[in-house]
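Remarks on the structure that follows.
Numbered from 1 within each chain, the chains take letters A, B, ... in sequence-line order.
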There are 2 protein chains.
Amino acid sequence: MARKGESVTMADVGARAGVTARTVSNVLSGHTSVRPETRDRVLRAVDDLGYRMNTSARSLRTGRTGTITLAIPDLMIDYFTDLARRIMTEAERHDWTVVIQQTGARRENEIAILSGARRQHSDGLIFQPHALGPGDERYLTGNDRLVILGERIFRGPVDHVTMANTEAAQLATQYLVDRGHRRIAAIGANPRVATTSAASLRLEAFRDTLAKNDLSVPAEYIVTAEEWHLRDGAAGMARLLGLPRPPDAVFCFNDTMAFGALHALAARGVRAPDDVAVIGFDNVPMAEFTTPPLTTIEPGTAQVAKQAVDLLAARVAGRGTPPTEVFTDCSLVVRKSA
Amino acid sequence: MARKGESVTMADVGARAGVTARTVSNVLSGHTSVRPETRDRVLRAVDDLGYRMNTSARSLRTGRTGTITLAIPDLMIDYFTDLARRIMTEAERHDWTVVIQQTGARRENEIAILSGARRQHSDGLIFQPHALGPGDERYLTGNDRLVILGERIFRGPVDHVTMANTEAAQLATQYLVDRGHRRIAAIGANPRVATTSAASLRLEAFRDTLAKNDLSVPAEYIVTAEEWHLRDGAAGMARLLGLPRPPDAVFCFNDTMAFGALHALAARGVRAPDDVAVIGFDNVPMAEFTTPPLTTIEPGTAQVAKQAVDLLAARVAGRGTPPTEVFTDCSLVVRKSA
DNA sequence: ATGAAAGCGCTAACAT
DNA sequence: ATGTTAGCGCTTTCAT
């Protein structure tokens with residue numbers, strides 16, 4: 001934070017300690033061995049002068065910034081907050097700091113991220129696309145050091161950390177069927193989004209599972225939600241309750257919408273799970289604390305975070321591993337809402 | 001993300017466009033006027049070569065990084081997620097990206113932030129201290145370009161954005177009294193923290209307000225909570241319900257704990273607000289969606305974010321304004337839980 | 001174990 | 001409107 005022109009340099013520190021910048025650098029980075037006595041003198045000089053390293057200079061020299069970028073749709077969605085938090089923790093182990101970029105799930109912003117316009121000064125990128133999908137491989141150009149989160153959307157040579165969207169959505173849907181529900185709706189469809197997006201995959205698995213159980217889904221049971229926020233869940237549930245023949249169970253494609261749905265139910269005096277069962281997806285911290293506590297899918301968020309950061313670290317280290325696709329485990333967490 | 005040694009420089013771009021790096025720089029930063037024709041040629045060359053500016057070099061030269069740091073206790077607390085999101089939005093207007101650093105509310109980490117060890121490559125710092133307080137002014141040394149969030153903890157010459165903790169806590173407590181409650185408890189005390197911390201200020205205001213109403217507070221009605229997380233709220237409420245004479249109203253010092261408290265109530269079949277009223281503090285997005293919806297304090301989070309970023313921008317711009325203390329408006333948001 | 005010096009890629013002061 | 005050049009503060013190769 002030193003102002004330009006008034007900054008203390010390594011040379012200044014060296015001058016005070018009676019050594020050159022070279023030795024100061026060695027002391028501070030700890031790579032080479034330095035005489036303990038010299039070391040002490042240097043550290044004292046650092047302290048006296050209030051020296052702070054200029055990381056731009058270091059980065060320019062080394063080609064490393066010590067920062068990675070996490071590009072996600074939106075911190076209004078609990079899952080992404082949870083993910084960001086976990087990724088920050090994992091990144092700490094690699095001495096990385098994390099810059100979070102919100103794309104708003106908008107295609108133009110996602111392209112901007114990949115083009116580097118909104119992601120400078122960063123050693124690598126962990127990116128959860130939403131609008132981008134197959135056919136957009138051209139935007140990958142120049143992005144080595146990239147890990148894609150979500151489904152394997154690109155054929156190209158990129159690391160993917162893949163959540164078992166299909167399997168998990170089947171699990172959730174089948175659970176509702178097994179509990180005896182027959183009028184099952186879903187909130188979170190988004191027709192304007194790639195077929196590889198979570199929205200499309202979960203919807204497809206939902207439909208398939210119901211079909212497999214010889215259950216039909218009226219069109220009005222598939223509720224579109226553009227943003228997957230609290231209000232989308234509430235609005236979706238309100239719409240379902242307004243139907244002549246409301247569902248007896250609802251699969252919300254994320255927990256945040258499920259919270260909204262639960263609220264809409266309670267506001268109308270409809271009981272969950274007795275009148276309408278609700279199941280979510282994500283198992284975010286809040287899911288345990290709603291009324292009733294939310295039955296949901298645990299998608300392996302901790303693994304996603306760890307794998308993503310480790311994969312990126314391998315890329316940055318330049319290990320010549322071929323692009324990998326990693327899968328995380330999912331499971332059903334039964335609580336009270338369904 | 002270009003690897004060292006294989007990176008394309010401005011000179012390369014210039015060579016292809018038939019100009020020097022100087023002109024390329026002018027085109028990309030848009031400061032000086034460039035002939036449209038030249039401009040086009042340069043931009044085409046940028047595209048052809050897949051050129052990406054080296055921001056370390058730029059920062060080294062200009063002394064600006066385009067990044068600010070936001071240091072907060074913890075993203076597990078909804079308020080800080082909400083705040084971070086809003087600050088990111090405000091920062092965008094200044095073309096800043098934001099690095100979030102979690103201090104875990106731990107003193108050593110807060111000192112590390114101020115000392116710059118965990119906050120390099122940044123044009124400024126927005127810092128919500130928790131463990132640090134009066135008497136720790138010495139850690140401010142070398143931190144121009146700093147905005148402190150929370151109460152005015154430092155006498156030193158630093159910008160503060162101050163939330164009206166005392167006034168707001170009075171508002172909340174008085175509301176409970178006015179609604180006829182007499183056995184009022186609080187969750188969120190933290191004796192190990194500075195007297196200027198939110199925990200101490202809110203507790204003090206809580207006590208004062210009850211005293212002013214001639215209401216006594218048994219010691220067991222003041223529940224300590226170290227982390228202010230969901231589980232702290234739930235544990236606190238569980239403890240209160242286990243008392244021989246449980247309270248009929250509880251003031252939770254943040255919304256996140258209030259969510260936990262509401263859960264503890266529901267888990268035991270205790271009704272809110274009928275049996276125990278609950279009031280929170282923060283008015284985070286989720287507060288509107290709990291069952292019952294949470295009555296809480298709106299502390300002016302939007303203002304905090306805007307003021308903090310604007311104040312920091314003024315510091316960075318080097319306007320010689322004297323250190324300012326800015327206050328935000330708070331108000332009571334009545335919903336259903338109290 | 002330490003010194004001397006080159007150079008990372010960019011911007012800005014000085015030219016023309 | 002564009003070319004030339006110095007230099008930001010650091011790391012690292014070549015010395016000793």
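- One side chain, B:Thr162 or B:Glu325, offers a donor N or O that lies under 3.5 Å from an acceptor on the other.
- For the helix from C:dA1-D:dT16 to C:dT16-D:dA1, the angle separating the two terminal helix axes comes to 30°, with each axis derived from five pairs and the value rounded to 10°.
- Every pair tested for ring-ring contact (aromatic ring centres under 6.0 Å, His included) that includes a residue from residues 32-52 of chain B fails, sequence neighbours excluded, so the list is empty.
- The line from CE of A:Met10 to OG1 of A:Thr23 is 10.5 Å long, rounded to the nearest 0.5 Å.
- Residues forming a salt bridge (Lys or Arg N to Asp or Glu O under 4.0 Å) with B:Asp82 (at least two apart in sequence, or on another chain): B:Arg85, B:Arg86.
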Give every pair of a protein N or O atom and an N or O atom of nucleotides 2-4 of chain C that lie under 3.5 Å apart, one pair per line with the distance.
from: C:dT2; atom 1: OP1; to: A:Arg35; atom 2: NE; distance (Å): 3.4
from: C:dT2; atom 1: OP1; to: A:Arg35; atom 2: NH2; distance (Å): 3.2
from: C:dT2; atom 1: OP1; to: A:Thr38; atom 2: OG1; distance (Å): 2.4
from: C:dT2; atom 1: OP2; to: A:Arg35; atom 2: N; distance (Å): 3.3
from: C:dT2; atom 1: O4; to: A:Arg22; atom 2: NH2; distance (Å): 3.4
from: C:dG3; atom 1: OP2; to: A:Thr20; atom 2: N; distance (Å): 2.8
from: C:dG3; atom 1: OP2; to: A:Thr20; atom 2: OG1; distance (Å): 3.0
from: C:dG3; atom 1: OP2; to: A:Thr23; atom 2: OG1; distance (Å): 2.9
from: C:dG3; atom 1: O6; to: A:Arg22; atom 2: NH2; distance (Å): 3.0

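- Rounded to an integer number of Å, the gap from A:Tyr51 OH to D:dC10 C1' is 7 Å.
- Scanning for ring-ring contact (aromatic ring centres under 6.0 Å, His included) contacts around A:His130 gives an empty result, with sequence neighbours left out.
- A close approach under 4.0 Å does not occur between any side-chain nitrogen or oxygen of A:Ser25 and OP1 or OP2 of D:dC10.
- Residue pairs that meet the ring-ring contact (aromatic ring centres under 6.0 Å, His included) test with at least one member in residues 57-108 of chain A, sequence neighbours left out, are A:His94-A:Trp96.
- In terms of modelled atom types and a separation under 3.5 Å, the side chain of A:Asp136 and the main chain of A:Gly133 share a donor-acceptor contact.
- In this structure, CG of A:Asp40 is placed 15 Å from P of C:dA1, rounded to the nearest angstrom.
- At whole-Å resolution of the value, CG in B:Asn54 and C1' in C:dG7 are 13 Å apart.
- Separating the CG atom of B:Leu60 from the C1' atom of C:dG9 is a distance of 9 Å, rounded to the nearest angstrom.
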